[in-house]
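Note on naming: letters A, B, ... go to the chains in the order of the sequence lines (proteins, then strands), and numbering restarts at 1 for each one. Predicted model only: the values in this text are computed from it and were never measured.
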Amino acid sequence: MATKHYPTPMLDVLEEGPWPSFITGIKNLRDNHPNERIRNMTNGVLGQLEHSYETRMGYWKGGTISVFGYGGGIIPRFSEVGHMFPESKEFHTLRVQPPAGNYYSTDMLRQLADSWEKYGSGLQTFHGQTGNIMFIGSDSKNYQGFFDEINDYGWDLGGAGPCVRTGMSCVGAARCEMSNCNEQAIHRHLLNNFTDDVHRPALPYKFKFKVSGCPNDCMNAIERADFAIIGTWRDDMKVNQAEVKNAIMKKAAEIGKEGDRAAGRQYMFDNVISRCPTGAIKLNDDDTMTVDNSNCVRCMHCLNVMPKALQTGDDKGVSILMGGKRTLKIGDLMGTVIIPFMKMDTDEDYERIKELASTVIDYWAENGLEHERCGEMIERIGLVNFLEGIGIDPDPNMIQQPRNVSYVRMDGWDEAAEEWFNRKREEKMAAA
Amino acid sequence: MATKHYPTPMLDVLEEGPWPSFITGIKNLRDNHPNERIRNMTNGVLGQLEHSYETRMGYWKGGTISVFGYGGGIIPRFSEVGHMFPESKEFHTLRVQPPAGNYYSTDMLRQLADSWEKYGSGLQTFHGQTGNIMFIGSDSKNYQGFFDEINDYGWDLGGAGPCVRTGMSCVGAARCEMSNCNEQAIHRHLLNNFTDDVHRPALPYKFKFKVSGCPNDCMNAIERADFAIIGTWRDDMKVNQAEVKNAIMKKAAEIGKEGDRAAGRQYMFDNVISRCPTGAIKLNDDDTMTVDNSNCVRCMHCLNVMPKALQTGDDKGVSILMGGKRTLKIGDLMGTVIIPFMKMDTDEDYERIKELASTVIDYWAENGLEHERCGEMIERIGLVNFLEGIGIDPDPNMIQQPRNVSYVRMDGWDEAAEEWFNRKREEKMAAA
Amino acid sequence: MAAEMREPIESGCPDGFQYMHPVMRRNYGQWLYHEDPRPGVLVHVARSGEKIWTVRAGTQRILDVFTLRKLMDIGDQYGEGFVRFTIRSNIEYMVADGEKVEPLVKALEDAGFPVGGTRNSVTTLSHTQGWLHCDIPGTDASGVVKAMMDELIDEFKGWNMPNRVHMTTSCCQINCGGQGDIAINVQHVKPPKINHALVGNICERPSVVARCPVAAIRPAMVDGKPSLEVDEKKCICCGACYPPCPPMQINDHQYTQLAIWIGGNHSNARGKPTFQRLVAAGIPNNPPRWPEATAIVKKILQCYKEGARDWERMNEWVERIGWPRFFEVTGLPFTKYHIDNWRGARNNLNSSTHIRF
Amino acid sequence: MAAEMREPIESGCPDGFQYMHPVMRRNYGQWLYHEDPRPGVLVHVARSGEKIWTVRAGTQRILDVFTLRKLMDIGDQYGEGFVRFTIRSNIEYMVADGEKVEPLVKALEDAGFPVGGTRNSVTTLSHTQGWLHCDIPGTDASGVVKAMMDELIDEFKGWNMPNRVHMTTSCCQINCGGQGDIAINVQHVKPPKINHALVGNICERPSVVARCPVAAIRPAMVDGKPSLEVDEKKCICCGACYPPCPPMQINDHQYTQLAIWIGGNHSNARGKPTFQRLVAAGIPNNPPRWPEATAIVKKILQCYKEGARDWERMNEWVERIGWPRFFEVTGLPFTKYHIDNWRGARNNLNSSTHIRF
Ligand code: SRM
Ligand code: SRM
Ligand code: SRM
Ligand code: SRM
Ligand code: SF4
Ligand code: SF4
Ligand code: SF4
Ligand code: SF4
Ligand code: SF4
Ligand code: SF4
Ligand code: SF4
Ligand code: SF4
């Protein structure tokens, strides 16, 4: 096969400009990689991509491929214009699960690069939108070898198809002062409890876990996960009053009013106090701060602005929301609070969250329609039926507000009220 | 027929307590009215009402009755327990339109009472929830006579059935400083433009007009009218700075801090400034107030709290919202802004609003399903189709926010954009 | 008989100006501000400097001619011959002479008409026809109102609430009454009982089928006659089928109950208008004084009074403290029925971590 | 061949601790606060007093092994051998020695990796596979991102925005990209063109029919063969039928366009999470640099930068000034397509008199 380069006049334009260019990178492989397979494959893929740019159309089609013993984890791609660009007529992507929290040593990344070079195109992505390392560009001859090799030193495939998907967790406890839980432990406990469901797609549709250590939700979990775990706390936030005072003066300096206490206070009023969604904070005349913790909704804003002065509490745990997803079929959904608070300290706590996840997945596997996400199912059957299905009691934290239409059948009211009172009584007794 | 009184042990309980008792009133008629017909009729109705209280069931059924020449305006009632309470086996209600704004001279009310006594039960209501005077309790022999008599001195029936209903307008310009329009004139212009549609039910369902002179919406128009007219203003609100200062000191006195300016200011901060939904007001250090009129959404709050200091502007007019209604079939609906602003000064303005109302009613009459309110139709066909049907251009004031689902067919975008730019250009030219 | 009939004069809505107090007529559209000298009394000041005093009193809405004349007598003797009725069936007397206010107030109170209902009071509950007149009522709204206002009269006469309280009651799920800060409404909990013998004769079957919000009704032959059938699993017991088809009896002495809704706010002040939301149900429809419903209403009002800030309407108070806390402070049970499952329910779910602990 | 196969080791998600910087490992869960010495650099301080510096740099996400090794070389030479990637494919180097920060920043910049993306910057657009790999893409998300970041690099490196700006792009209406402060997404405007010859062989017809959100597809016989038919009046051109049935080609060089959405906010800070909303459509899908889309994005960013207050995310800014004013200041046209008509549309309509004049 001639190593003639396909012309790429449009792609070349994407080499201009200061931002790192993926085109430059691919060309570099094509032009300079010692391995001819790689040079050819990247030449082909550039040719096809140029063709796409010119015609404004894509030219890949799917298929079925997986490593021995698994049913999923690879996105197979066969070219529809393989006759024009035969070098890359197969161009599969392997989805490999990253370490929880996305930590790498440079050594390990070199090792992965070395393996990939042996079998694939030399292109990879850190990470895909679901968090996988995507090794882009393998063919039928090579993918199994690559998998076997990296599998030997600790790497496994992620999800693709109707299965439990690769999870995500924020940097969290490893580096972030806002963290309220061990994001990585939660991530790994959950995912590794479902390896079978990750590797052998047999669910109604995909199911995603994402863990954010606090309500800033750096993992976009509420909107993009079927099962979102968000760290939070129940007791009072901590206020370092000396740092509140410092923050005021520091802010004054930052806005060019060095030493002007009033200016610093004004900034705090306008940017912290008055931005609290529930009006739960007060800046006192003596530059101390008072927090009405019973009204604080843990939105994070004041802590974000004043990380030195304010810290989350000690009674940490997580809230769990279910049913988030993006657009297909009924439009984007946010998750809904199902567990307002759950401790996440002991082994039993971890068992409990795994059980909960299993219950949810089982219920959905039985009741979800084909290609119906958990959130769509909840939408279809109603939150109450879902709660009953998974054995969770209704709680006012699950709602934004009670119903505003009288169209509902309420003949079980008395029993439901009784249950509530019993539960409250038990909670009281448990607390006492 | 014996004038034996039906026993009313349960109703008698409703004579206890300090609030005026309707039971006492009805009994008074039964016991003391010179006219035997009235004594009997009220005796019967009390008997039937007691029966309802005992059995917790109602015993009226409908029918078809109307005055000569009209098709509606009366709610006919025939007793299902007429054998038990024959004196009131017919007990129809005549709905009579009140004067716009509900003004009465004592003389006129006496005259109405005199007429009603001749023909009816002697019971009436000021007013029903749609605003009619309800003359409750007439029979087939008498209602026509009553109507003819009051019709002679200026009273007409209101709506019942699938027709334009009686309108409502607030006290407004007659007594209220918040008023931004001539509520009564708007009310009468609209209603009396549709007398035929009021009296001869031939629409898909009911259609209600309500007029509130300002966004306080004392007529509940947005939620309870198909066509809600709400007074508002476009220019700056008026600030009487001297009265702002007075208000501060007056408030201090009211909260028991006579002479304490800081306390008065604090109250203003907590109750006015920080309650403005768009943060559009500022209380300055010198106790003057600054309003960012371009961000004020005319919510009325600050004017409500400080009626002496703040007044609405001079460039008054109305906003029109359509499609409000209560529960049946799909749950309550609020109206939607269709006309963000419309002047309401000249004869042409009044012609314009009547034309608009006609266009809407015609479009709905043609496109609404049987027993489908205008708001339900809008919900079913979509706001845009409704706008196109009535020939109104889309405006961003009609929405709370743009769509958040990509599921829409947008192939006419360029034309739609072009129309917007043209309209903006014309507006600019018209303004110049 | 038709010979004697005359065509109606289609005069429509009468002009209110003819019955209006001359000071109001003269200063129409020229009012500058108002003050509240005491509960139940307003004084409006016009740009011209003229003033009009208003005295507001509660009535029973369903007036007999005796009561109406008594009210007019007071208007002539202590007032200036001009009155109006508010949207809540309170009567208002307008006088240009401020001296008349106190005697007028006294005359009204003496005659049993409480003066109040302005500003931050609990004004009269608005209500609907009930057993006295309607063909579909599940309760007697007038009775409920009388029973409750008896207990709330001090709140009517005082200014003890954080802001205006507008309550309402409706006697069936059609809800002719408005939304309210608190609404006491009917809630049926069993499907209609069908009198099959009558359906075929009385009801236009396709219309009835179309009326059901959840498509639970289908035409059926029962005992060889055309009738209707209800899928009881689907039926939400709304009673919408009952007006067009009276043989579908929805009312029941036991299964027609009351529910309480709060936070309906029609005004645009501060927030945008809001719908009322369910807080309590399963309340017995218990004439003549509905003590269970009244107790809940009073409890809610008490919590509101204690917890809300000045100018916070009921909904604003609850939104600030959060719904979980509302159930906590009122002691009302939270149940699965509070969780919306109607169209668009997802807007009523909590899709955030905003939670109070 | 099967003989040589071995069972996979189902190790699942690897433990990140093994690759974590020792300072982070030691202080896991014990961080006290952080500071931002300069754009692209964070320093986190632990309760123990230990510190960890983070340097963040933009990458092209689709890395070739050369680039990956270059990044590792920098990590070894100027850093301490530990890196991570953020959810937006930015690389982060963690060092315990603050002295290393400046040389590391310089090395990255010199090698062409811009340092920034922290705090109130425009961080890297997140994106999806596009023409390089996906089977259904309408555009090339990587290309769009490269073209836009070229123009926004100063915003990446600076702290000029009122708050963080998280942008995203997706290459079809399935939207694998997240919601964003600004999202540049595909919008098809014509129904799929069906290759009837292929449907019968390739597509499971009932599944495809079920996939359509508006029930516009029905089975049909075309030229005697089983195929599918689209009701073009109903079709919203979403492309949902295309993945399960490639013969229903939705992509088109002209009718596959771009739309811009703003105000998606996943965080719970201040307000609850919000969905993004449509602001502009009809934008040509114009490789290799998509100048029309870029111009709109830059205009929106500029207005946001000028108009928003500190800490206001895009949605908060627009909610404060109102949508009418947003269209005014950006000069973007408001059209009927902005008015929601999807399920629950009424929640997006203005049912109040809150209007700015
Ligand atoms: C007389 C009446 C209009 C009429 O033509 O009948 C009226 C008259 C006034 N209303 Fe009203 N409102 C009247 C029913 C309403 C209603 C509707 C209702 O009661 O069903 C509402 C709507 C909304 C709702 O959801 O309850 C209403 C919402 C307001 C508001 C907004 C309050 C708020 O903060 O949400 C104000 C402003 C205020 O309180 O300062 C207001 C203010 C006023 C003022 C102060 C306006 C003025 O400056 O004159 C009037 C004196 C009232 C007073 O009671 O202190 N009026 N007002 C109605 C008296 C009803 C009654 O007898 O109690
Ligand atoms: C009398 C009155 C209640 C009262 O005591 O004040 C009333 C009474 C009835 N209403 Fe109403 N409605 C009355 C104001 C309302 C209002 C309030 C308003 O106009 O602001 C509403 C809610 C607003 C609205 O229009 O949606 C209202 C919403 C309904 C509905 C449901 C409409 C809907 O689309 O949701 C029905 C059912 C129907 O029409 O089929 C209804 C039907 C009825 C019927 C005709 C019941 C029936 O179908 O047989 C009631 C006749 C009772 C009777 O025997 O007199 N009534 N009805 C009110 C009319 C008096 C008047 O003319 O002044
Ligand atoms: C590294 C990363 C997490 C990770 O594990 O990968 C991260 C890390 C931090 N985030 Fe984040 N966020 C990261 C993605 C996100 C995302 C998701 C996304 O980018 O798609 C969000 C969610 C929401 C959204 O709608 O955009 C997010 C919403 C926030 C917020 C909330 C901002 C707000 O006011 O709405 C904060 C708080 C703040 O800004 O102070 C925050 C704060 C932080 C802090 C300051 C927390 C801390 O104290 O260490 C971290 C340093 C960040 C910085 O850039 O200044 N992070 N953060 C992600 C970096 C992405 C990037 O390369 O640009
Ligand atoms: C590779 C990736 C985009 C990227 O470049 O980063 C991707 C690529 C595809 N997604 Fe995705 N999705 C990717 C993250 C997402 C996300 C983001 C997330 O997980 O946070 C979403 C939105 C969140 C969610 O789950 O809703 C997402 C929502 C979808 C959907 C619509 C799901 C829905 O219910 O709305 C589909 C369609 C389907 O599954 O039928 C889809 C389908 C696809 C397919 C398999 C298209 C297809 O049906 O053939 C794409 C394969 C592309 C390829 O050739 O590799 N992808 N997809 C992301 C996965 C990489 C990884 O594993 O790390
Ligand atoms: S989600 Fe919270 S804990 Fe996790 S990285 Fe973001 S700010 Fe830190
Ligand atoms: S975290 Fe949010 S809700 Fe809590 S006090 Fe701070 S700003 Fe207010
Ligand atoms: S709606 Fe406005 S103008 Fe009319 S009475 Fe109420 S406050 Fe006055
Ligand atoms: S009327 Fe309402 S929006 Fe306007 S300034 Fe006053 S409080 Fe603010
Ligand atoms: S609420 Fe129901 S029962 Fe009461 S008057 Fe209206 S329609 Fe009749
Ligand atoms: S009560 Fe309501 S839901 Fe039940 S059948 Fe009748 S209309 Fe349908
Ligand atoms: S957004 Fe669409 S085209 Fe892009 S990767 Fe996802 S599925 Fe493929
Ligand atoms: S493009 Fe979307 S709406 Fe059109 S037929 Fe396909 S799935 Fe249905």
When rounded to the nearest 0.5 Å, the distance separating OH of Tyr19(C) from CE of Met108(B) is 3.5 Å
Determine the minimum heavy-atom distance between Glu10(C) and Asp196(B), stating which atoms define it. OE1-N, 4.2 Å
Judged by modelled atom types alone, do Arg309(C) and Asn271(B) share a side-chain donor-acceptor pair under 3.5 Å? no
Go through the atoms of Glu316(C) and report whether side chain, backbone, both or neither lie under 4.5 Å from a heavy atom of chain B. neither
How far does SG of Cys176(B) sit from OH of Tyr33(C), to the nearest 0.5 angstrom? 14.5 Å
If every non-hydrogen atom of Phe22(B) is compared with every non-hydrogen atom of Ile62(C), which pair is closest and at what distance? CB-O, 4.0 Å
So which of Cys302(B), Gly58(B), Gly62(B), Pro215(B) has the biggest tally of heavy-atom pairs under 4.5 Å with chain C? Pro215(B)
So, the part of Gln124(B) with a heavy atom under 4.5 Å from chain C: the answer is both
Value for CD1 (Ile222(B)) from CD (Gln179(C)), rounded to nearest 0.5 Å, stands at 12.5 Å
Less than 4.5 Å to any heavy atom of chain B: does that hold for the side chain of Cys134(C), its backbone, both, or neither? both
Give, as side chain, backbone, both or neither, the part of His166(C) having an atom under 4.5 angstrom from any heavy atom of chain B. neither
Heavy-atom cut-off 4.5 Å, strictly under: side chain, backbone, both or neither for Ile136(C) against chain B? neither
Kindly indicate whether the side chain of Glu223(B), heavy atoms from C-beta on, has any atom under 4.5 Å from the side chain of Pro273(C). no
Is Thr168(C) close to chain B through its backbone or its side chain, or both, or neither, when contacts mean heavy atoms under 4.5 Å? neither
Evaluate the side chain to side chain contact (heavy atoms under 4.5 Å, CB included) criterion for residues Ser267(C) and Asn216(B): first the C-alpha distance (whole Å), next the side-chain angles of each, then the deciding distance (0.1 Å), finally the verdict. CA-CA 5 Å; Ser267(C) 155; Asn216(B) 279 330; 3.9 Å; yes
CZ of Phe66(C) to CD1 of Ile26(B), rounded to nearest 0.5 Å, is 13.0 Å
Strictly distance-based, threshold 3.5 Å: is any side-chain N or O of Lys146(C) a donor or acceptor partner for the main-chain N or O of Glu16(B)? yes
Applying a strict 4.5 Å limit to non-hydrogen atoms, the region of Asp152(B) in contact with chain C is both
Please lay out, stage by stage, how Val65(C) and Leu29(B) fare under the test side chain to side chain contact (heavy atoms under 4.5 Å, CB included). CA-CA 8 Å; Val65(C) 285; Leu29(B) 290 179; 3.8 Å; yes
Minimal non-hydrogen separation, Pro20(B) against Gly58(C), with atom names: CG-O, 3.8 Å
Checking Phe17(C) against chain B: side chain, backbone, both or neither under 4.5 Å from a heavy atom? both
When Arg84(C), Arg25(C), Gln18(C) are each screened for side chain to side chain contact (heavy atoms under 4.5 Å, CB included) with Tyr103(B), the one that passes is Arg84(C)
Nearest-0.5 Å distance that lies between atom CG in Leu49(B) and atom OG in Ser142(C): 8.0 Å
Chain B contact via Gln276(C) - side chain, backbone, both or neither, heavy atoms under 4.5 Å: side chain
From the list Met300(B), Lys308(B), Gln400(B), the residue making the most non-hydrogen contacts under 4.5 Å with chain C is Lys308(B)
Hey, what's the ring geometry for Trp131(C) with Tyr53(B), parallel, tilted or perpendicular (30° and 60° as the breaks)? perpendicular
Tell me, side chain or backbone of Met134(B) under 4.5 Å from chain C's heavy atoms, or both, or neither? side chain
Hey, is the main chain of Ser126(C) close enough, under 3.5 Å, to the side chain of Gln129(B) for a donor-acceptor pair? no
Minimum heavy-atom distance Trp60(B)-Leu132(C), with the two atoms named: NE1-O, 3.0 Å
Could you tell me whether the side chains of Asp76(C) and Thr106(B) share a donor-acceptor contact shorter than 3.5 Å? yes
What pair of heavy atoms forms the shortest contact from His133(C) to Ile75(B), and how long is it? CE1-O, 3.6 Å
What part of Glu80(C) gets within 4.5 angstrom of chain B, counting heavy atoms only: side chain, backbone, both, or neither? neither
Tell me, with the steps shown, if Met72(C) and Asp107(B) meet side chain to side chain contact (heavy atoms under 4.5 Å, CB included). CA-CA 8 Å; Met72(C) 293 311 103; Asp107(B) 291 346; over 6 Å; no
Measure distances from Glu54(B) to the heavy atoms of chain C and classify the residue's part below 4.5 Å as side chain, backbone, both or neither. neither
Heavy-atom closest pair, residues Leu68(C) and Leu109(B): CD2-O, 4.0 Å
Does Asp64(C) come within less than 4.0 Å of Arg30(B), counting only side-chain N to carboxylate O? no
Is the count of non-hydrogen atoms from other residues, nucleotides or ligands lying under 6.0 Å from Lys51(C) atom NZ greater than 12? no
Run the numbers on Cys13(C) and His187(B) for side chain to side chain contact (heavy atoms under 4.5 Å, CB included), then give the verdict. CA-CA 8 Å; Cys13(C) 173; His187(B) 176 164; 3.6 Å; yes
Side-chain donor-acceptor pair under 3.5 Å between Thr54(C) and Arg175(B), yes or no? yes
Looking at CE of Met20(C) and OH of Tyr104(B), how far apart are the two atoms once the value is rounded to the nearest 0.5 Å? 12.5 Å
Apply side chain to side chain donor-acceptor pair (under 3.5 Å) to Arg56(B) and Asn286(C), showing your working. CA-CA 8 Å; Arg56(B) 301 183 183 183; Asn286(C) 201 358; 3.1 Å; yes
Of the backbone (N, CA, C, O) and the side chain (C-beta and beyond), which part of Lys61(B) lies under 4.5 Å from a heavy atom of chain C, both, or neither? backbone
Heavy-atom proximity to chain B below 4.5 Å, by part of Trp311(C): both
So, the part of Met10(B) with a heavy atom under 4.5 Å from chain C: the answer is both
Less than 4.5 Å to any heavy atom of chain B: does that hold for the side chain of Arg69(C), its backbone, both, or neither? both
Is Trp19(B) reaching over with its side chain to a backbone N or O of Ile153(C), donor-acceptor style, under 3.5 angstrom? no
So what's closer than 4.5 Å to chain B heavy atoms on Thr59(C): side chain, backbone, both or neither? backbone
Hey, does the side chain of Arg326(B) reach the backbone of Gly177(C) with a donor-acceptor pair shorter than 3.5 angstrom? yes
Given a strict heavy-atom distance threshold of 4.5 Å, which part of Asp15(C) is in contact with chain B: side chain, backbone, both, or neither? both
Pair Asp310(C) + Arg275(B): basic N to acidic O under 4.0 Å: no
I would like to know whether His127(B) and Ser89(C) meet side chain to side chain donor-acceptor pair (under 3.5 Å); could you show each step before the answer? CA-CA 6 Å; His127(B) 301 92; Ser89(C) 298; 6.0 Å; no
Does Asn151(B) use its side chain to pair, donor to acceptor, with the backbone of Pro8(C) at less than 3.5 Å? no
Per-residue contact mode, Asn185(C) against chain B (heavy atom under 4.5 angstrom): side chain
